[in-house]
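Everything on this sheet refers to the single structure shown next.
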Amino acid sequence: MTSPAQSKRRWYGIERRDFLRYMATVSAIPTLALRAQAEVTEKPHFSDNPFTLGVASGDPAPDGVVIWTRLAVKPLEQGGMQNKSVRTQWEVATDESFANVVRRGDAVATPDLGHSVHVEVDGLKPHHWYFYRFHAGNETSPTGRTRTAPAFDATPDRIRFAFTSCQHYETGYFNGYPHMQREDLDLVIHLGDYIYEYAGADKRPRKHIGGEIETLDDYRTRYSQYRLDETLQETHRLFPWLVTWDDHEFDNNYANLVSEQDGVSPEAFLARRAAAYQAYYEFMPLRRSSFPQGPNMKLYRGCQYGRLANFHVLDTRQYRTDQPNGDHQKPMTGKVFDQKATMLGDQQEKWLMQRLQDSSSTWNVLAQQVMMAPLNRGEGDDHRYSMDQWPGYEVNRRRLLNFFHEKSISNPVVLTGDIHVNWVNDLQLDFQDPKSPVVGTELVGTAMTSGGNGGNVISEYERAAAQNDFVRWYNSNRGYVSCDITPESWTSHFRTTPFVDKPGSPIETKASFVIENGKAGAARV
């Protein structure tokens with residue numbers, strides 16, 4: 001009998017060889033045009049508020065930012081909109097009363113994109129706060145607030161941002177976001193698992209609508225359910241976001257063209273991936289450069305904050321080879337050392353290395369998904385590592401760390417999500433040698449809600465924290481990480497919420513760590 005792991009590997013081999021044939025099979029999936037295909041309604045009349053899903057901004061640049069909204073009078077009923085494009089107007093001002101409007105224009109919300117609107121505003125001043133809003137018919141959206149990035153050649157005194165990930169709607173309330181809203185932030189970074197694809201389950205704090213999501217309509221409803229959460233919607237309204245996905249935006253633990261599940265046809269896999277990617281684009285404040293093309297979507301990109309910080313946003317799902325050794329926790333043997341195995345894919349890896357080498361910023365930040373440090377979770381001589389994380393792709397992992405070292409990359413800091421707990425790790429060239437040079441720092445953010453209340457003792461992780469010398473700290477609470485960076489240092493505050501099974505949690509700072517400019521590794525303060 002063929003095991004699921006064997007089936008996955010064979011599936012992957014066939015898919016790689018016959019990819020064009022499968023692409024032809026799913027050619028009915030639209031590679032959507034950026035122009036309106038339906039009749040445009042210039043003066044629409046709505047049965048209810050069309051701005052139920054709020055506003056958002058993202059991908060800031062020195063001269064502009066993306067502003068976003070989505071028209072939906074009945075967001076959980078496929079939007080409740082007619083199959084017509086709708087003319088919207090947008091404004092950007094320096095003040096919340098819009099007495100000084102500096103940019104304005106029109107944008108068409110098309111049914112092909114679920115009546116979402118993405119406007120790439122330009123002509124703004126670097127490192128300034130702005131306010132924005134949309135109009136459709138007689139209706140006006142909430143007022144959003146956003147901030148441009150510093151000029152490329154500027155060195156601001158400081159930048160503050162927060163990062164989080166893994167916000168499973170069913171397992172709790174997003175209690176970290178109200179506290180994040182009170183912080184003086186320039187930016188919010190989300191590292192993936194913005195939604196979860198699973199069917200609704202009973203006896204949880206909240207419940208997903210419907211079964212496991214597979215179609216475009218399914219994904220749209222799931223995103224709408226999440227975005228109707230007032231704490232999440234308000235955090236989008238207040239700050240620009242940088243976003244990237246992990247696996248649950250599509251399907252758990254997928255790898256490139258490989259489904260986690262046995263027996264999924266390539267055609268069905270690609271059709272579902274196309275739906276997932278399109279819905280992700282529709283709901284996120286992304287630029288046209290990230291516009292999906294069927295089951296493909298280029299999400300890796302850069303975002304520079306002057307000479308202080310350079311963010312390199314990565315995609316460790318779409319281009320990776322299959323998890324080695326049948327996935328899960330295994331010894332570091334066999335396919336782990338495959339010279340051709342890749343986490344990023346050749347093109348993304350070359351792009352990343354070129355950006356790092358060309359960067360003139362003090363801090364180089366890799367915003368990505370899965371743990372880079374090789375965390376041994378086994379007992380005694382039975383060493384075990386997650387095959388879904390960077391240690392499962394050890395040749396690729398070491399190549400990147402060697403690049404940090406050999407090219408003297410300025411202050412590499414890796415931001416990680418996925419694992420639902422906090423870690424602070426030194427990134428060493430050779431993790432088996434305690435004296436090996438530290439070439440970077442990894443800050444692992446916990447989940448916003450995934451895993452429930454947290455704060456519990458997890459024996460596997462307690463053991464791992466004790467037996468891996470590069471671990472500086474570990475914690476199992478939920479929450480987010482707040483970062484304050486200057487030319488001299490980077491300070492991270494690990495904010496935690498004692499509970500997520502009901503709303504209204506207080507906030508605690510479990511630990512703070514400092515990274516000094518020019519000295520890899522973090523020290524607790």
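We count residues from 1, following the sequence as given.
Atom-to-atom distance recorded for K407:NZ and I409:CD1 is 8.5 Å, nearest 0.5 angstrom. Of the inter-residue distances, the one linking T148 atom OG1 with H127 atom NE2 reads 7.5 Å to the nearest 0.5 angstrom. Taking NE2 of H383 as the reference point, atom CG of L375 lies at 12.0 Å (rounded to 0.5 Å). Here the OH atom belonging to Y177 is positioned 15.0 Å from the CZ atom belonging to R182, to the nearest 0.5 angstrom. Going from atom CG of D322 over to atom OH of Y393 covers 6.5 Å, rounded to the nearest 0.5 Å.
Across every non-hydrogen atom of L286 and M297, the tightest pair is CD1-CE, 3.6 Å. When all heavy atoms of P142 and F51 are compared, the pair lying nearest together is CD-CB, 4.0 Å. Among all heavy-atom pairs drawn from L356 and L366, the shortest one is CD2-CD1, 4.1 Å. Nearest approach of A464 to V471, heavy atoms of both residues: O-CG2, 4.4 Å. The two residues S505 and N175 make their nearest non-hydrogen contact at CB-ND2, 3.5 Å. Considering all non-hydrogen atoms of both residues, G417 and S165 come closest at CA-OG, 3.4 Å.
Salt-bridge check for D153 with R307: failed, with every basic side-chain N at 4.0 Å or more from each acidic carboxylate O. Look at R222 and E197 and you find no salt bridge, because none of the NZ, NE, NH1 or NH2 atoms lies under 4.0 Å from a carboxylate O. For the pair R384 and E379, the salt-bridge criterion is not met [side-chain N within less than 4.0 Å of a carboxylate O]. Taking a cutoff of 4.0 Å between a charged side-chain nitrogen and a carboxylate oxygen, R160 and D484 qualify as a salt bridge. Under 4.0 Å is where a charged nitrogen must lie from a carboxylate oxygen, and between R273 and D251 no such pair does. With respect to the salt-bridge test (charged N to carboxylate O, under 4.0 angstrom), the residues R145 and E96 do not qualify.
Checked against the 6.0 Å centroid criterion, the rings of Y280 and Y219 do not qualify as a close aromatic pair. For F163 and Y480, the distance between ring centers is not under 6.0 angstrom. Annotation: Y300 is not in aromatic contact with H312 [ring centroid separation under 6.0 Å not met]. Taking the six-membered ring for Trp and the full ring otherwise, the centers of F250 and W245 sit at least 6.0 Å from each other. Proximity of the aromatic rings of H168 and H208 is defined here by a centroid distance below 6.0 angstrom, and this criterion is met.
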Exercise for the section: Go through the steps for F291 and H118 under the test ring-ring contact (aromatic ring centres under 6.0 Å, His included), then give the verdict. Expected result: CA-CA 11 Å; F291 193 81; H118 300 72; 8.3 Å; no
Practice task
Assess whether side chain to side chain donor-acceptor pair (under 3.5 Å) is satisfied between T316 and Q368, documenting all intermediate values.
Solution key: CA-CA 7 Å; T316 64; Q368 57 95 58; 5.1 Å; no
Handout entry: Stepwise side chain to side chain donor-acceptor pair (under 3.5 Å) check, T497 with R478
Key = CA-CA 6 Å; T497 52; R478 306 289 168 251; over 6 Å; no
Practice task
Please lay out, stage by stage, how W490 and S492 fare under the test side chain to side chain donor-acceptor pair (under 3.5 Å).
Solution key: CA-CA 7 Å; W490 173 314; S492 295; 2.8 Å; yes
Handout entry: Evaluation steps, salt bridge (Lys or Arg N to Asp or Glu O under 4.0 Å), between E282 and R70
Key = CA-CA 8 Å; E282 288 180 359; R70 182 185 180 98; 3.1 Å; yes
Practice task
Go through R317 and E249 one step at a time and tell me if the salt bridge (Lys or Arg N to Asp or Glu O under 4.0 Å) criterion holds.
Solution key: CA-CA 11 Å; R317 283 292 163 191; E249 284 85 354; over 6 Å; no
Exercise for the section: Show your reasoning for whether side chain to side chain donor-acceptor pair (under 3.5 Å) applies to N517 and N411. Expected result: CA-CA 7 Å; N517 180 7; N411 298 308; 2.7 Å; yes
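Note: Y130 and H128 have tilted aromatic rings, judged against thresholds of 30 and 60 degrees for the angle between ring planes. Between Y194 and W241, the ring-plane angle classifies as perpendicular under the 30° and 60° cut-offs. Using a 30° and 60° split on the angle between ring planes, Y169 and Y226 fall in the tilted class, from 30° to 60°. Classification of the Y132-F134 ring pair by plane angle, with boundaries at 30° and 60°, yields perpendicular.
Legend: residues meeting side chain to side chain contact (heavy atoms under 4.5 Å, CB included) with K510, ordered by chain and number and at least two apart, are W473, N475, N477, T496, E508. Partners of Y223 according to the ring pair (Phe, Tyr, Trp, His ring centres under 6.0 Å) rule, which considers only residues two or more places apart in sequence or in another chain, are F283. Looking at residues two or more places apart in sequence or on another chain, you find no side chain to side chain donor-acceptor pair (under 3.5 Å) involving N402. Every residue two or more places apart in sequence or in another chain that forms a side chain to side chain contact (heavy atoms under 4.5 Å, CB included) with V525 is listed here: S512, V514. Applying the side chain to side chain contact (heavy atoms under 4.5 Å, CB included) test to D157 and every residue at least two apart in sequence or in another chain returns nothing.
No side-chain donor-acceptor contact under 3.5 Å links E234 to the backbone of T231. E462 contributes no side-chain N or O that, together with a main-chain N or O of V457, makes up a donor-acceptor pair within less than 3.5 Å. In terms of modelled atom types and a separation under 3.5 Å, the side chain of Q233 and the main chain of D229 share no donor-acceptor contact. The backbone N or O of D469 sits less than 3.5 Å from a side-chain atom of R472, completing a donor-acceptor pair. In this structure a side-chain-to-backbone donor-acceptor pair under 3.5 Å is missing from Q339 to V395. For R133 (side chain) and V92 (main-chain N/O), no donor-acceptor pair under 3.5 Å exists by modelled atom type.
With a 6.0 Å radius and a threshold of 12 heavy atoms from other residues, nucleotides or ligands, E460 has its CD atom above the threshold. Within a 6.0 Å sphere centred on CD of E230, other residues, nucleotides and ligands contribute 12 heavy atoms or fewer. Applying the 6.0 Å contact sphere to CG of D382 captures more than 12 heavy atoms from other residues, nucleotides or ligands.
When F311, W363, Y305 are each tested for a ring-ring contact (aromatic ring centres under 6.0 Å, His included) with F161, only one passes: F311. Checked options Q329, R320, H328; the residue passing with D388 is R320 (criterion: side-chain hydrogen bond (donor to acceptor under 3.5 Å, both in side chains)). Applying the side chain to side chain contact (heavy atoms under 4.5 Å, CB included) test between V66 and each of R288, R287, M284 identifies R287 as the sole match.
Within the structure, the ring-ring contact (aromatic ring centres under 6.0 Å, His included) test picks out the following pairs touching residues 397-451 (sequence neighbours left out): W423-Y461, W423-Y474.
Taking the ring axis of F174 as reference, the NZ or CZ atom of R206 stays within 45° of it and closer than 6.0 Å to the ring centre. Within the cation-pi definition used here (under 6.0 Å to the ring centroid, within 45° of the axis), K335 does not qualify as a partner of F337.
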